[in-house]
2 protein chains.
Amino acid sequence: MLELAILGFLKEGPAHGYELRTKVAALTGHVRPVADGTLYPAIKRMAGAGWITRRDEPGAAAAPRRVLYLAEAGERELERRLRDPDPLDLSDENRWFTLLAFLRHLDDPAAQAGVLRRRLAFLEQPASFFYDGDRPMRAEEFGDPFRQGLLSIARATSRAELAWLHATIDSLDRAAGP
Amino acid sequence: MLELAILGFLKEGPAHGYELRTKVAALTGHVRPVADGTLYPAIKRMAGAGWITRRDEPGAAAAPRRVLYLAEAGERELERRLRDPDPLDLSDENRWFTLLAFLRHLDDPAAQAGVLRRRLAFLEQPASFFYDGDRPMRAEEFGDPFRQGLLSIARATSRAELAWLHATIDSLDRAAGP
DNA sequence: CATCGATACATCGGAGCCGAGGTATCTCGG
DNA sequence: CCGAGATACCTCGGCTCCGATGTATCGATG
C-alpha cells in the first residue's frame, strides 16, 4: 500500500523523502499515519529494486536531501499494480482508496473501467457481519446500538461507493467505446 | 485486530477454531478475509498468554476439535482493550469497526461514551487528502474523476458516522447520567 | 467402493509495519 | 549566543500478517 503511494506520487514529479512523508500522511493519514520506520525502509527497498533512483541535492535545506525520481522500472511497476491489482487492494478499504487515488495514471479508460468493475464485483457480494449459527442476522435483531451503528455506517458507505462506481464506469465506457 | 475479535467472540461463548474462522471472516471478511496462517498462530499465542484455554472435544466432528474458552485473564484483556483502545484502533477503519462490534461487552455506558468520544475527536480533525505544495486542494480542483470520487465517498462515510456518533453519545450520556 | 469436497488443525518462510531511538543541520526567539 | 524546534534521514527489534503447504477424517456422489 505504501509502495503504491510512493510510486504514484513520484509519477507526478520527483520528491525527497520528507516531502513524501507529508504527502503520504495526508492521503492515508486520516486512517493510519505513516511512520518513519515504515517510509524510509520502503524507499530503500524500492531503490534496491530499481524502481526509484536517488540523487543527493546539495545546499538549500537544513539536512542533506536525497531527491527521489521514478525510474523506468518503477513506471512499469506502477502500471502493473494499477492494471492488475492485488486482491487485497480491492477488498481492503485503505488499499483500495490508495489505488483509487492513482488510477488516473493508468492511461486507458477501458483498463480503468476494468479495475472499477472488479471492485464493484467485490462490493456487490452480499456481506453479513454477524451470524446466529448459519443464519445471517439483520440489523434490527441485535439489540445493542453499536452493531446497529456498525451496519448502518457500512451500508451508507457501500451505497455511496456503489452509486459512484456505476456512474463512473458508465462514463469511462462511453470514453472508451466506439 | 484479530486478537480483539477472538476475545470478543469468545466472550459470547466457547467456540472451536474453525468456527471462529467463519465468524471472524464474516465480521472482517468484507474487507480483509482472515487466513488460516493468521488465525491459528493467533490462537496459539493467546493460549500461551493465558487468555484462552483449549479443551479437546471427542467425537462428533470429522476432525478433532479443540474447543476454546475465554479465561479470566482474557476477560480482563478484552475489557482493557475496549476501555483504553490502542490509538490505531481509533484511526484505522478496520480496527475501529472491529472494536465497535464488541463495545457492548464494556458494561459501562460512561466508558462506552468515552471511547466514542475519542473516535469523534479523531474524525473531527479536518483531513485533506491532497496538497498543492502547502495548500490543501478541494475536490473541484483535481480534474480526474477518481480523486473526486475518493473524496466524495470518504465524506459520505464520515458524515454517516459523525451523525451516528453524536446521537449515540447523547443516548449513552442519558443512560449514565443522574 | 473410490474419489472428491468439506471439515479441522497446523507449520513455515517471508514480508510489511510500528514504535522508539538516534544523528545532524538550520533558524529563530529570548 | 544559546537552546528549542523544525527539517531531514536512518536503524533496530519485535510483531502481525499472508500465502503456500501439509495432514487427517468424515460424508456424499457416482
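This structure is a prediction, so every number in the text was calculated from the model and none was measured. Throughout, a chain's letter reflects where its sequence line sits, starting with A, and its residues are numbered from 1.
- Grouping Ile, Leu, Val, Met, Phe, Trp and Tyr by side-chain contacts under 4.5 Å, direct or through others, puts B/V67 with B/Y69.
- Distance B/L20 CG to C/dC9 P: 9 Å, rounded to the nearest Å.
- Taking side-chain N and O atoms only, B/R66 has a distance below 4.0 Å to OP1 or OP2 of C/dA10.
- For A/T38 (side chain) and A/V34 (main-chain N/O), no donor-acceptor pair under 3.5 Å exists by modelled atom type.
- As a whole-Å value, the separation of B/D36 CG from C/dG13 P is 18 Å.
- Checking the phosphate oxygens (OP1, OP2) of D/dC9, a side-chain nitrogen or oxygen of A/Y40 falls inside 4.0 Å.
- A cation-pi geometry, defined here as NZ or CZ lying under 6.0 Å from the six-membered ring centre and within 45° of its normal, holds between A/R21 and A/Y18.
- In this structure, the ring of B/F102 has its center no less than 6.0 angstrom from the ring center of A/F146.
- Judged purely by atom type and a 3.5 angstrom limit, A/E75 has no side-chain atom pairing as donor or acceptor with the backbone of A/K11.
- B/T38 has no side-chain polar atom (N or O) that falls below the 4.0 Å cut-off from OP1 or OP2 of D/dT16.
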| task | Go through A/M46 and A/E77 one step at a time and tell me if the side-chain contact (heavy atoms from CB on, under 4.5 Å) criterion holds. | result | CA-CA 11 Å; A/M46 294 167 74; A/E77 180 66 18; over 6 Å; no
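- Nearest nucleotide to the B/E3 side chain, out of D/dT16, D/dC18, D/dC17: D/dT16.
- Distance A/L39 CG to C/dG16 C1': 13 Å, rounded to the nearest Å.
- Within a heavy-atom distance below 4.0 Å of DNA chain D, the residues of residues 41-50 of chain A found are A/P41, A/K44.
- In this structure, A/G37 reaches the bases: a heavy-atom distance under 4.0 Å links it to at least one base atom across the strands shown.
- Atom CG in B/D86 sits about 10 Å away from atom P in C/dA20, given to the nearest Å.
- Between B/R21 and the phosphate of C/dA6, there is no side-chain N or O to OP1/OP2 separation shorter than 4.0 Å.
- Taking atom CD of residue A/E19 and atom P of nucleotide D/dA8, one finds them 8 Å apart after rounding to whole Å.
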